[in-house]
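To start, the structure under review is shown below, and the notes come after it.
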Amino acid sequence: MQLERVRTALAALLTGIGHLRRAIGGTGERLGTRHADTERYERARKDRLAAEEGYRLRLTGLRTAEQDLRTREEAIGATEEGLLARERETRRRIAHAAQAVPAAQRTRDDLHDLRVRAEEDEKRLRGFLADQEAAVIGSGSTLRGALGRPEVVRGAGLDRSSLPEDVVDDPGSDVRSRLRALRALADAVEHALGRSRGEVSDSALLNRHTELRDQLAGGYDAQLEERDGIKVCRLIDDHGSHDVAAVGERIAVEAAEARGRLTERERDVFQRFLTGELGDHLSAQVITAANLVAALNDTLRTVRTSHGLGVELLWKLDEDADADVRAAVELLRSPSTLRTREQTEQLREVLQRRIEDARRADPAAGYAAHLRTALDYRDWFRFHTFVVEDAAPGRRRKLTGRTGLSQGEQRVLSYLVLFAAAAAHFTSLAESAPHAPRLILLDDAFAKVDEPTHGRLGRILVDLDLDFVLTSERLMGNWPEVPSLHIYECLRDPHVRGVATLHYAWNGRHRRLVSV
């Protein structure tokens, strides 16, 4: 049986070999046919190339013949002199072209060298660019690693909702796409962080850590950890280690809740006192200040320099004052008894916002300092000084460095304002303190003012009923315009300790020695 199976297998094998031999024979015949086709194709290709070369040669000859024909056609009917002139022009152009060839070759060689150097520079810069791209992508990995740490995000005050949803780098993308994604992430982080307040050195971090650790109560400690180049401060208590940013957020929430409770108490205080008694006091101050400025201008109208110049003051809201200040001034022009409920509520809200602004500007200051900053009406207004002239009634010029006055005239006008302000202040003060002295002190009086004007300024002081003390190295004060004056002259010998004083009395005409 085994032999029978072997014999059957051999017969099948012989049959398959026969089929294979016939298939190989047919393939050989087809290959022979293909070889002949290949030889015919090569001959046809060579003939085509030869025909193309012949065409190019004939085309060149044709173009030369066409050029020659155009030249001959142009020469038909031309004179001998014209032909000779054209020949000379042609020879000149040929000579010029021959002379220009070396320079053109040098230019070509220079351009070739430049191109070679440019290719080398391009290759070098591309390598440098690749290194920079790799460095940027590496820095991006560091940034993404930092954003992946909750304590860093919380400590930096970042809001994850403001960052791109997908902050993971895709190594399969091209470099430009990775850089664009990193640029968008960096811009979002920079915008979320806000304006930079400068670099913080390691020594500064260590100093702040030491200050925090020293200020902690007993049972608490601060630990500074560093991982991947990022320093993180942690607070340690009986319950374990806590991120300092998380602790700060918890304290901020508690402080906000306490501030909210304080705000409710402030609302009652403002309603009962700030918009009432204190509001009326502030209204009185604003109205009194306006009346004082009006009295000051009334006094200034009676005072003129020797050239007929005077001063007029304008006291008004600062142009940069915000809407809250403008609203507060309008509301404070009326006492609390004349304000409606809506106006009272509006005034409370305005003053509340100003106090909150002062608190945010200086959180470390006390509550009294916040009130002084928020309610100091003097910062709401500005003085504007104008020069008036008797020779031009109704005309006034703002006193600036470009008003066209000399330095002496400007100082005289400033003295007028000073004297009138003092006189108006003492006049208003006399209502409550009638025996208050009307005294001013002028140190180094009337400096840079010409001498003829000294007496006129002294007369203005007398007319305004002001007592004055003058100190000067050169003025005695014995002006005819001043009816009486006591003069003390101090003398000092550099070789003797102490100062000697001479006392004089001036009666408007003569100076008399009173005592030594």
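Residue numbers run from 1 in the order of the sequence given. In this text the structure is predicted, and so the values were computed from the model without any measurement.
With respect to D357 and R354, no salt bridge is recorded, no charged nitrogen being found less than 4.0 Å from a carboxylate O. In this structure, R124 does not pair ionically with E120, as no charged nitrogen and carboxylate oxygen lie closer than 4.0 Å. Using a 4.0 Å cut-off between charged nitrogen and carboxylate oxygen, D121 and R117 do not count as a salt-bridge pair. Ion pair R382/E319 not flagged as a salt bridge, since none of the NZ, NE, NH1 or NH2 atoms sits closer than 4.0 Å to an Asp/Glu carboxylate oxygen.
Within the 3.5 Å criterion, the main-chain N or O of E312 finds no donor-acceptor partner in the side chain of N297. Within the 3.5 Å criterion, the main-chain N or O of R372 finds no donor-acceptor partner in the side chain of D376. Within the 3.5 Å criterion, the main-chain N or O of A430 finds no donor-acceptor partner in the side chain of R438.
When side chains are defined from C-beta on, I440 counts as touching L461, because their heavy atoms get closer than 4.5 Å. Residues L309 and V388 form no side-chain contact, since every pair of their non-hydrogen atoms from C-beta on lies 4.5 Å or further apart. Residues I287 and N291 meet the side-chain proximity criterion, which asks for heavy atoms closer than 4.5 Å. In this structure, N478 and L485 have side chains that are not in contact, with every pair of non-hydrogen atoms separated by 4.5 Å or more. Using a 4.5 Å cut-off on side-chain heavy atoms (C-beta onward), P483 and V462 make contact. Within the 4.5 Å cutoff, no side-chain heavy atoms of D465 are placed close to those of F426.
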Intermediate values then yes/no, side chain to side chain contact (heavy atoms under 4.5 Å, CB included), T471 and L442
CA-CA 6 Å; T471 63; L442 297 176; over 6 Å; no
For E345 and R341: C-alpha separation, side-chain torsions, deciding distance, then whether salt bridge (Lys or Arg N to Asp or Glu O under 4.0 Å) applies.
CA-CA 6 Å; E345 181 65 20; R341 182 185 299 274; over 6 Å; no
Just do the side chain to side chain contact (heavy atoms under 4.5 Å, CB included) check on N507 and R512 with the steps written out, would you?
CA-CA 8 Å; N507 61 4; R512 179 176 57 86; over 6 Å; no
Please assess W380 against D318 for the test side chain to side chain contact (heavy atoms under 4.5 Å, CB included), listing each intermediate value before the final yes or no.
CA-CA 6 Å; W380 304 349; D318 188 2; over 6 Å; no
Assess the residue pair L457 and E481 against the criterion (side chain to side chain contact (heavy atoms under 4.5 Å, CB included)); give the C-alpha distance rounded to whole Å, side-chain angles, the decisive distance to 0.1 Å, and a yes or no.
CA-CA 9 Å; L457 290 174; E481 293 85 355; over 6 Å; no
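Using a 30° and 60° split on the angle between ring planes, Y415 and F446 fall in the perpendicular class, above 60°. Under the 30°/60° scheme for interplanar angles, the aromatic rings of W315 and F383 are found to be tilted.
Across all their heavy atoms, V499 and C490 have their closest contact at CG1-CB, 3.8 Å. Across A505 and V514, no two heavy atoms sit closer than the pair CB-CG2, 3.7 Å. The two residues A327 and V350 have their closest heavy-atom pair at CB-CG2, 4.2 Å. Minimum heavy-atom separation, V449 to T453: CG1-CB, 3.7 Å.
Atom CZ of R378 has 12 or fewer heavy atoms from other residues, nucleotides or ligands within 6.0 Å. Around CZ of R126, the count of heavy atoms belonging to other residues, nucleotides or ligands within 6.0 Å does not exceed 12.
Rounding to the nearest 0.5 angstrom, the gap separating the CZ atom in R396 from the CG atom in L314 is 6.0 Å. L491 CG to T501 OG1: the interatomic distance, rounded to the nearest 0.5 Å, is 7.5 Å. Here F468 contributes atom CZ and L441 contributes atom CG; the two are 12.0 Å apart, rounded to the nearest 0.5 Å. Distance check, rounded to the nearest 0.5 Å: CG of D444 to CG of L475 gives 8.5 Å. Rounded to the nearest 0.5 angstrom, I460 CD1 and L418 CG are separated by 11.5 Å. Interatomic distance, Y488 OH to H503 NE2, rounded to the nearest 0.5 Å: 3.5 Å.
Between the side chains of K316 and H384, no donor-acceptor pair of N or O atoms lies under 3.5 Å.
Of the options R456, H454, R459, a side chain to side chain contact (heavy atoms under 4.5 Å, CB included) to W479 is made by H454 and by none of the others.
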